[in-house]
*Asks:* 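Please read through the structure below; I'll follow up with questions.
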Protein chains: 2
Amino acid sequence: MDFNDTKNIFLQIRDWVADQILQGKIIAGEKIPSVRELAVDMEVNRNTVMRSYALMEEEGIIENKRGIGFFVAADAKVNLLKMQKRSFLKDELPAILHKVEVLKLNSEDLQILIQTIQSNDHENQ
Amino acid sequence: MDFNDTKNIFLQIRDWVADQILQGKIIAGEKIPSVRELAVDMEVNRNTVMRSYALMEEEGIIENKRGIGFFVAADAKVNLLKMQKRSFLKDELPAILHKVEVLKLNSEDLQILIQTIQSNDHENQ
DNA sequence: TTTAGTGTCATAATACACTATGACACTATG
DNA sequence: CATAGTGTCATAGTGTATTATGACACTAAA
C-alpha cells in the first residue's frame, strides 16, 4: 500500500478498512484480515496494524473473537456512514469551501465533482 | 492559533501564511512577521516557525533580507494560485470525489458548496 | 495431544517533530 | 559607538510513531 507521509500509518490503515466496509467489499459478520496477515500485505509492523484494529474496536466498527480474529460489527456500515458523513460536513467541507473560494474554482474546474453529486441525486434507496 | 493534531505544525504555519497572501492580507514586497514574533503569537518554538519560513523560501514564496526579515516575493500570489490549484485538482479532489461517492452526498448535503462554485462562475476578471 | 493460526503484551531501538536555550552575524537607528 | 531587532546555527531534551522481536493465552483442526 502507498501511504501518505502527512498522515499516521495506523490512521490510514483504519481508513482503508473502513472504506472496504463502506464499499461493501467486506460485509457485516465477515472476518477481516488477521493482524499479522495485513501487516505483511501492507509491509508494516504487526503493532501498527494492531493499533488500527484496537481503534476500530473502540469505535464499534469491528469486534474480536479471541483466538480467531476480528469481524465486522453488525451495524458497522450504517454507523460508518453516519460518522463519516457528519465528520465530512463538519470538519472537511469548511476547509474545502475555503479553498474553492480562495482559488476561485468554478464549474469548469470542478466539473467532475458536480457530475458526481448530481448522479447521487438520481439515486433512490 | 488552533493547530490540527493530524498535520505537522510547521506545515500548518506555512499554509496559514500562504493563505494570508492568497487572500491579499499580505501583499507582494510586504514584510511578514519575524520568526520570533510569529513564534510568540502562535505559542510555538522559534525553530518551528523558522522551518516553515525556510520551506516557503525554497518554494519562492518569500525572500530574506538579512538582518531585516522575510518579505513576500513579487509573484508569490500568482505562483501560489497556480501551485495550489494544481495540487488541489490532482491530489485532493480525487479523495473528495471518492468520499462523495461512497457517502452518497447529494446536492442537498453539499448545497453550500454548489452555491460557492456557482458564485465563482459569475466572476469576471 | 500436537500444530498452526489467532490476538496481546512487553521490551528495546530508531526516526522525527517539537521544544528550550544559547550564541553569533547582520542591519537599522539612536 | 551601543542597542535592539533581524535570521541562523548548534546542542540537548521530550514525546510519539514505527519497527523489531519474543513470549504467552486462546481456538480450530489434524
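Hydrogens, waters and symmetry mates are skipped; everything else that's a heavy atom, side chains included, is used.
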*Asks:* Choosing from D/dG7, D/dT19, D/dC26, which nucleotide comes nearest the side chain of B/Phe70?
*Replies:* D/dG7
*Asks:* Given atom CD of B/Glu37 and atom P of D/dG7, what is their separation to the nearest angstrom?
*Replies:* 9 Å
*Asks:* Without decimals, in angstroms, what is the distance between A/Lys65 NZ and C/dG7 P?
*Replies:* 13 Å
*Asks:* Just how far, in rounded Å, is P of C/dT27 from CZ of B/Phe71?
*Replies:* 13 Å
*Asks:* Whole angstroms only, please: what is the CE-P distance between A/Met1 and D/dT18?
*Replies:* 12 Å
*Asks:* In whole Å, I'd like the distance from the CG atom of B/Asn64 to the C1' atom of C/dA25.
*Replies:* 12 Å
*Asks:* Can you identify which nucleotide, out of D/dT6, C/dA17, C/dT19, has its nearest atom closest to the B/Asn8 side chain?
*Replies:* C/dA17
*Asks:* Across all strands shown, which nucleotide pairs with C/dT2 by Watson-Crick or G-U wobble geometry, both distances under 3.5 Å?
*Replies:* D/dA29
*Asks:* Taking everything shown except A/Lys82 itself, do over 12 heavy atoms lie less than 6.0 Å from its NZ?
*Replies:* no
*Asks:* Atom CG of B/Asn47 and atom C1' of D/dC9: how far apart are they, to the nearest Å?
*Replies:* 9 Å
*Asks:* Is there a side-chain contact between A/Asn79 and A/Ile61, using heavy atoms and a 4.5 Å cut-off?
*Replies:* no
*Asks:* Between B/Ser34 and D/dT6, is there a side-chain N or O to OP1/OP2 distance below 4.0 Å?
*Replies:* yes
*Asks:* So which one's nearest nucleotide on DNA chain C is more toward 5', B/Lys7 or B/Gly67?
*Replies:* B/Lys7
*Asks:* Side chain of A/Ile9 only, please: which of D/dT18, C/dT19, C/dG7 is the nearest?
*Replies:* D/dT18
*Asks:* Just N and O in the side chain of B/Arg51: are any of them under 4.0 Å from OP1 or OP2 of C/dA17?
*Replies:* yes
*Asks:* Check the distance between C/dA10's P and A/Asn45's CG and give it to me in whole angstrom.
*Replies:* 16 Å
*Asks:* Sub-3.5 Å donor-acceptor pair from the side chain of A/Asn8 to the main-chain atoms of A/Phe10, do we have one?
*Replies:* no
*Asks:* Of the candidate nucleotides D/dT18, D/dG7, D/dA28, which contains the atom at the shortest distance from the side chain of A/Thr48?
*Replies:* D/dT18
*Asks:* Pairing check on C/dG30: which nucleotide meets the Watson-Crick or G-U wobble criteria with it, both distances under 3.5 Å?
*Replies:* D/dC1
*Asks:* Is it the case that over 12 heavy atoms from other parts of the model lie below 6.0 angstrom from the CD1 atom of A/Ile112?
*Replies:* no
*Asks:* Indicate, with a heavy-atom threshold strictly under 4.0 Å, whether A/Arg36 touches base, sugar-phosphate, or nothing.
*Replies:* base
*Asks:* Write down the distance between CD1 (B/Ile13) and C1' (C/dA17), rounded to a whole number of angstrom.
*Replies:* 12 Å
*Asks:* Using the closest heavy atom to pick a nucleotide of DNA chain D for each, name whichever of A/Arg66 or A/Val44 lands nearer the 5' end.
*Replies:* A/Val44
*Asks:* Is the NZ atom of B/Lys31 crowded by more than 12 outside heavy atoms at less than 6.0 Å?
*Replies:* yes
*Asks:* Can you tell me whether the side chain of B/Arg46 and the base of C/dT21 have a donor-acceptor pair closer than 3.5 Å?
*Replies:* yes
